Amino acid sequence: MSEPLDNVTSWLTIPEAGERLGLVPGKVRRLIEEHSLIAIKREGVQLIPAELIINGEALPSLRGTIFVLLDSGFSLMGAINWLYTENEVLKTTPMAALISGKKTEVRRIAQSLAL
């Protein structure tokens, strides 16, 4: 069985993400702290899924969705894994649904997990 994060097609380091966003690394780290971006550590390096940066901006629907998941009792890593796990209702991963503009559907499912 594959790991949810295997669904991430490419990863960016903080400096690479900064280049795409037009920000210094410190500001990219701030976006991660604020949950506007997510990052995982692999071999001591923070990596950001490349698909979270669209047209030079952080995916706007991510931050609120992360907060819904955290409020539902998920850990940050649990929330990230959920976003990249295939969902029967969405027929794709919640992250792919967010990227395609289905914020409301994703958040409705995320909120139902708290019940």
Side-chain angles (χ1 to χ4, degrees):
M1 188 165 142
S2 68
E3 291 293 311
L5 294 177
D6 292 344
N7 289 318
V8 176
T9 51
S10 66
W11 296 91
L12 300 171
T13 63
I14 286 181
E16 290 168 337
E19 279 182 35
R20 290 197 185 185
L21 292 163
L23 299 172
V24 296
K27 295 227 187 234
V28 175
R29 286 186 190 87
R30 170 82 36 89
L31 290 175
I32 293 166
E33 289 169 15
E34 295 171 350
H35 304 304
S36 293
L37 288 174
I38 54 175
I40 63 152
K41 258 194 179 166
R42 287 211 173 133
E43 297 172 17
V45 177
Q46 277 193 302
L47 298 172
I48 300 164
E51 66 254 24
L52 300 183
I53 300 173
I54 301 167
N55 299 324
E57 299 282 328
L59 178 65
S61 56
L62 179 64
R63 185 170 191 259
T65 305
I66 291 285
F67 281 117
V68 168
L69 290 164
L70 294 175
D71 289 348
S72 295
F74 279 80
S75 66
L76 182 56
M77 197 63 221
I80 292 169
N81 282 323
W82 183 81
L83 286 167
Y84 282 100
T85 300
E86 196 76 21
N87 183 284
E88 285 182 20
V89 176
L90 297 168
K91 300 197 184 344
T92 187
T93 65
M95 185 59 77
L98 278 181
I99 291 167
S100 69
K102 296 182 175 133
K103 172 180 82 173
T104 304
E105 295 93 315
V106 171
R107 289 188 185 171
R108 186 177 61 243
I109 293 167
Q111 286 172 329
S112 74
L113 300 172
L115 302 176

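Only a predicted model underlies this, so the values are computations on that prediction, with no experimental measurement involved.
- Taking hydrophobic clusters as Ile, Leu, Val, Met, Phe, Trp and Tyr residues chained together by side-chain heavy-atom distances below 4.5 Å, Met77 shares a cluster with Val45.
- Minimum interatomic distance between Ile54 and Glu51 (heavy atoms only, all atoms of both residues): CG1-O, 3.6 Å.
- Between Pro94 and Lys102 there is no side-chain heavy-atom pair separated by less than 4.5 Å.
- Atom NZ of Lys103 and atom CG of Leu59 lie 10.0 Å apart (nearest 0.5 Å).
- The CG atom of Leu23 sits 12.0 Å away from atom CZ of Arg29, with the distance rounded to the nearest 0.5 Å.
- A donor-acceptor pair under 3.5 Å links the side-chain atoms of Arg63 to the main chain of Glu34, judged by distance alone.
- Here the side chains of Glu16 and Ile48 are not in contact, with every heavy-atom distance at 4.5 Å or above.
- Counting heavy atoms from C-beta outward, His35 and Leu70 have side chains that approach closer than 4.5 Å.
- A distance-only check finds no donor-acceptor pair linking the side chain of Arg20 to the backbone of Asn55 [under 3.5 Å].
- Heavy-atom minimum distance, Gln111 versus Val68: CG-CG1, 3.5 Å.
- Between the CZ atom in Phe74 and the CG atom in Leu113 there is a gap of 5.0 Å [rounded to 0.5 Å].
- Residues Tyr84 and Pro49 meet the side-chain proximity criterion, which asks for heavy atoms closer than 4.5 Å.
- Between the CG atom of Leu21 and the CG atom of Leu31 there is a distance of 6.5 Å, given to the nearest 0.5 Å.
- Taking every heavy atom of both residues into account, Gln46 and Ala39 meet most closely at NE2-CB, 4.1 Å.
- Between Leu62 and Met95 the shortest side-chain heavy-atom distance falls below 4.5 Å.
- The shortest side-chain heavy-atom distance between Ile32 and Ile38 does not fall under the 4.5 Å cut-off.
- Residue Leu5 holds its CG atom at 8.0 Å from OG1 of Thr85, rounded to the nearest 0.5 Å.
- Closest heavy-atom contact between Arg107 and Ser61: NH2-O, 2.9 Å.
- Across Ala58 and Ser36, no two heavy atoms sit closer than the pair CB-O, 3.7 Å.
- With Leu52 as reference, Leu37 is the one residue of Leu98, Val8, Leu37 to meet the side-chain contact (heavy atoms from CB on, under 4.5 Å) rule.
- Within the 3.5 Å criterion, the main-chain N or O of Ala97 finds no donor-acceptor partner in the side chain of Thr92.
- From Trp82, atom CH2 reaches atom OG of Ser75 across 13.5 Å, with rounding to the nearest 0.5 Å.
- Between Leu69 and Leu83 there is a side-chain heavy-atom pair separated by less than 4.5 Å.
- A heavy-atom distance below 4.5 Å is not found between the side chains of Thr93 and Asn87.
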